[in-house]
Participant: 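Here you go, one structure.
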Amino acid sequence: MSGYTLGEFEELVLLMVAAQHDQAYGVSILEGLETELERKVNISAVHVVLKRMEEKGFVKSRYGGITEDRGGRRKKFYVITAIGKRMLDEQHALRNNIYKRIPKISFG
Amino acid sequence: MQPPKKAIGFLRWFCREDYLDEIEGDLTELFQKEHPRSARLARFNFSWRVLKYFRPGFIRSFNPSTHSTGMYNNYFKIAWRNLIHNKSFSSLNIIGLSIGMTCCLILFQYVAFESGFDNFHERKENLYRVLSAYAQGDDPMTLGHAYTPQAMAPSLKAAVPEIVNISRVHEENAIVFNPDTPEKVFEEDQGLYVDEAFMKMFTFPLVSGTLKLAPGTVLISEATARKYFGNTPAEGRTLDVTGNIEKTYTVAGVFKNVPANSHLQFTMLLPVEDLLKGPDYSTEPEGGWSWNNFTTYVELHPQADREAVRQKITDVMLKYRADALKQRGGKSVLNLQPLSDIHLNSEIEAAGTIVSGSYKTLYFFLIIGLITLVIALVNYINLATARALNRSREVGVRKAVGAKRQELITQFLYESAFTNISAMLIALVLTFALLPVVNDIAETQLSVTQWLEPTFILSLAGTLAAGTLLAGLYPAFVLSSFRPAAVLKGKSSPVSGHFWLRKGLVIVQFTACVVLIAGTVIVFDQLRYARSIDLGLDLKQVVAVRAPRILSPTANRGMVTTTFVNEIRKLTGVEGAAVSSKLPGQGFNWNGAAIRKTSDDPSKAIRGVATYIDSAFAKLYGLELVAGKEFNKVTIQEDTVDQTWKIMVNEATVKTLGYAAPADIVNEELMIGDYRARVIGVYKDFKWSSAHEAQQNIVFGRTTGGTNISVKVNMDNFQELIHTIESKFNAMFPGNLFQYSFVDDGFALQYKNDERFAKLFSIFAGMAIFIACLGLFGLVAFTAQQRTKEIGMRKVLGASVSGIVTLLSKDFMLLVLIGFVAAVPITLYIMNQWLENFADRISIGVGVFAIAGIIAMLVAICTVSWQSFKAAVANPVKSLRSE
């Protein structure tokens, strides 16, 4: 395992980037998270996390075209990298491993 | 459909260029999505989100070059390391500075509060108070007082077009109750009779109702409204007011409580027309130009020329008064005092409850604040240059590797700024914590909200900048001037030349300390002296009962008061009772009465004061008769001033009028103002007022119905006695408020301002001395550290502990001594200025300086010897072993 672990919010954003493959940008990630989590999410928090993960190499980005409703500003799309994907896999595997060890007890 | 322009502008200004596309784009997109639902919410959200990006990571670099950031980071790091490395010196510096700054901040705030009086009036630039100046004969003209007659305002308004609004103000102290709840009676001592224009001129915002003050209506403050009507609306309700006149008023409106920084304090505004129609003023002679009981405020047209208006109003006044002035042999002019000058110019007397400050006190405190700050800064300079020796190697190395002098200076200024900012932060916390205490002592209402005012922020920035530069520049220049070759060889002590400067600064500090200690001693000494002056009046065990104000229309005031006083005299425990219009310490009814012999020219008249007493007054207060006879006991009201007016005078009057002996004036006729009076007796001189007032020429007329009933009581059973008096009072005068107080307490109230001054003065003096000691402590500690080896050697060679303590201390004690000598003339000069406030004053004696000198010496000795002793008893083996 690499020395770095993902925080909860980081993991969620990274998952969302992976899920919206090649079409993920600030607003779409925000809206995706808000629908899934059913709570308000800060756009600035999303940006902070994206910047941090880009620096770590978990995501990479490219600029899209200019659209009307963005005041003439370009979209910045994010794509998950191989390392990012591996991070997610490791994290997922780790959780699964431990989850499987839970004895079958009825909570009914 | 555009996002807020300001927010976008801000974002574009601070945000990193490479992030801007993404962030602005995303925010705009969100805005567009939210806009259809609620435009306002969308705009708010947009701005709020922009603010959230204002943090490191998103903010672009504002430095012109990356090279300099590195340098600054290094300066910062070195400053921090130096601070941490020398914990004891840094804390001495920071504690001293922060206490000095705290003093300074509190005093700044106090000064800002005091000088910001009446700032809230929208038309403040155009508002003036009319001052009336009068001079007898060839006396020089003074600035005058703010008492003017009632007829002046209408005459001025009619004759001078530049006057936009004009209002008279007359004080009222009334008994008030709500007719629905007649059992709840209150005294309102902050009532004012004003003209309708008053509320137009001044900005006292209305809560409800109307500003229009028609006859028969009253405006009251929010607090007053709550007092009488609870939470129900007050407009249209009625209040019974018994003061100068007796009337039922309808509440027309409620205004916000008058702010603390208004020189005029009032809870109730009554129409002046009703007062003028009352029994007193409707009989005023000379067409209403006779009695100076009103303060007149004017609002001038913004373009009006103040000097021209002043001339015009003086002319108008003279048109009516020239004859009367000629008759009295005096001359008079009117002046216009700007609103902003009123609060601090406390010399000028006026009607109504005036919150008065004083320019002198303000300057005094400002100077004390600055002195404390300077002492703290001097500490910094001293310790910084003293430590220069330790830093000389660092400077040498820096220079050797190519640092320019400019850069070294910047570095040391950085350290100074660092210390100053830390101290300022602590000072802000301290100030915040201390404000309630200061408010309690100084009876001010300073609050943290003042911190947001530009003047405060400016003075804060000013203090920081001055502190950084004053404390930082000198050490910076000294340290950066070292020659690298010399210091790296470590042979010379480059700071020895600056030893004299350090000594000089210590002298300055201790001079300031001695001045402050001696000042404190003098202030307290003067107050003690003022209170111990033999008044010639016995105020002990005298209770003053306020005479009833509400009487049935048929009752004769003199008669009922006499009946009541006779009743009281019969009570056991009462040693005497007397009636008077004023009490000792309350001033007089008639200030500035012109007194002369009937044969003299009016221009030769002397200035005197007059009040009214009854036949029992002199005996009760222990007045000593030196000639003539006392007032007779009379049963009818005889206090009218007419042909048979009989008066008593004091010795001072006898002397000033030019009589050789008190007996000569008895049965002489005098003119008091325009009234003829016969002197029947002379009292030995006594002090009626505080030590601020010189001996006055006092005239007593006779009254049987004055406003104050003095009762000399036996204190053994006081509570019971006062209850008996109260029940008698309530039985005889239903509907009145029983109020009593001790006359000596009331007399002592005259020194309230002085006591407050003394308290504040001593607190700040204490702080200043503490800071100076911190500095001395640090300096001695440093010297001892420097001389560790020398002390070790001396001990090995047989020096005694006491010898070493003396060696280390004597230099510093000499400095304290020089400081003491320098302080003497300064103290004499400053404190004589303060003592000029008092007519009866102490002279500054040797004793004061002896006390101040001994205190300063003792404090210095304790500080110095503790450190020197520590150095002296240290084991020489330790200090000599290490190299």
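Each chain gets a letter, A, B and so on, in the order its sequence line appears, and its residues count up from 1.
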Participant: Is A/Tyr78 in contact with chain B via its backbone, its side chain, both, or neither, using a 4.5 Å heavy-atom distance?
Facilitator: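 Only the side chain of A/Tyr78 comes within 4.5 Å of chain B.
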Participant: For B/Phe58, is it the side chain, the backbone, both or neither that has a heavy atom under 4.5 Å from a heavy atom of chain A?
Facilitator: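 Contact with chain A involves the side chain of B/Phe58 alone.
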Participant: Are more than 12 heavy atoms from other residues, nucleotides or ligands located less than 6.0 Å from atom NZ of B/Lys52?
Facilitator: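 Enclosed.
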Participant: Please output the residues of residues 18-27 of chain A in contact with chain B, using a heavy-atom cutoff of under 4.5 Å, in numerical order.
Facilitator: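 The list, in residue order, reads A/Tyr25, A/Gly26, A/Val27.
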Participant: Does any part of the side chain of B/Arg49, heavy atoms only, come nearer than 4.5 Å to the side chain of A/Asn42, both counted from C-beta?
Facilitator: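 The answer is no, as the side chains (C-beta and beyond) never meet within the 4.5 Å cut-off.
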Participant: Top residue by heavy-atom pair count (under 4.5 Å) with chain B, among A/Arg74, A/Arg52, A/Glu31, A/Lys75?
Facilitator: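 Highest number of heavy-atom pairs under 4.5 Å: A/Arg74.
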Participant: Tell me, side chain or backbone of B/Asp18 under 4.5 Å from chain A's heavy atoms, or both, or neither?
Facilitator: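 Answer is backbone: N, CA, C or O of B/Asp18 sit under 4.5 Å from chain A.
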Participant: CZ of B/Phe120: more than 12 outside heavy atoms within 6.0 angstrom?
Facilitator: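 It does: B/Phe120 CZ has more than 12 such atoms within range.
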Participant: Can you tell me how far the CD atom of B/Glu22 sits from the CZ atom of A/Arg73, to the nearest 0.5 Å?
Facilitator: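 Reported to 0.5 Å precision, the distance equals 12.0 Å.
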Participant: What is the minimum heavy-atom distance between B/Asp21 and A/Arg70, and which atoms define it?
Facilitator: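 Scanning both residues, the minimum pair turns out to be O-NH2, 3.9 Å.
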Participant: Kindly indicate whether the side chain of B/Leu30, heavy atoms from C-beta on, has any atom under 4.5 Å from the side chain of A/Leu30.
Facilitator: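 Yes, their side chains come closer than 4.5 Å.
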Participant: I need the A/Ile43 CD1 to B/Phe46 CZ distance, nearest 0.5 Å.
Facilitator: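 These two atoms lie 11.5 Å from each other.
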Participant: Which atoms of B/Ile23 are under 4.5 Å from chain A, going by heavy atoms: the side chain, the backbone, both sets, or neither?
Facilitator: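 For B/Ile23, heavy atoms of backbone and side chain both lie under 4.5 Å from chain A.
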Participant: Need one label for B/Glu29: side chain, backbone, both or neither, based on atoms under 4.5 Å from any heavy atom in chain A.
Facilitator: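 Interface part for B/Glu29: both.
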Participant: Decide if atom CZ of A/Phe9 counts as having more than 12 heavy atoms of other residues, nucleotides or ligands within a radius under 6.0 Å.
Facilitator: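 Buried by this count: over 12 neighbours within 6.0 Å.
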Participant: Might you confirm whether atom NZ of A/Lys85 has over 12 heavy atoms from other residues, nucleotides or ligands at distances under 6.0 Å?
Facilitator: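 Open: at most 12 neighbouring heavy atoms sit under 6.0 Å from NZ of A/Lys85.
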Participant: Distance check, rounded to the nearest 0.5 Å: A/Ser44 atom OG versus B/Leu51 atom CG?
Facilitator: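 So the OG of A/Ser44 and the CG of B/Leu51 are separated by 10.5 Å.
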Participant: Under 4.5 Å heavy-atom distance to chain B, tell me which part of A/Val46 shows up: side chain, backbone, both or neither.
Facilitator: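 For A/Val46, no heavy atom lies under 4.5 Å from chain B.
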Participant: Is it true that, when you exclude A/Glu36 itself, more than 12 heavy atoms of the residues, nucleotides or ligands shown sit nearer than 6.0 Å to its CD?
Facilitator: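 It does not: A/Glu36 CD has 12 such atoms or fewer within range.
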Participant: Side chains of B/Tyr19 and A/His47, heavy atoms from C-beta outward: is any pair under 4.5 Å?
Facilitator: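 Answer no - side chains too far apart.
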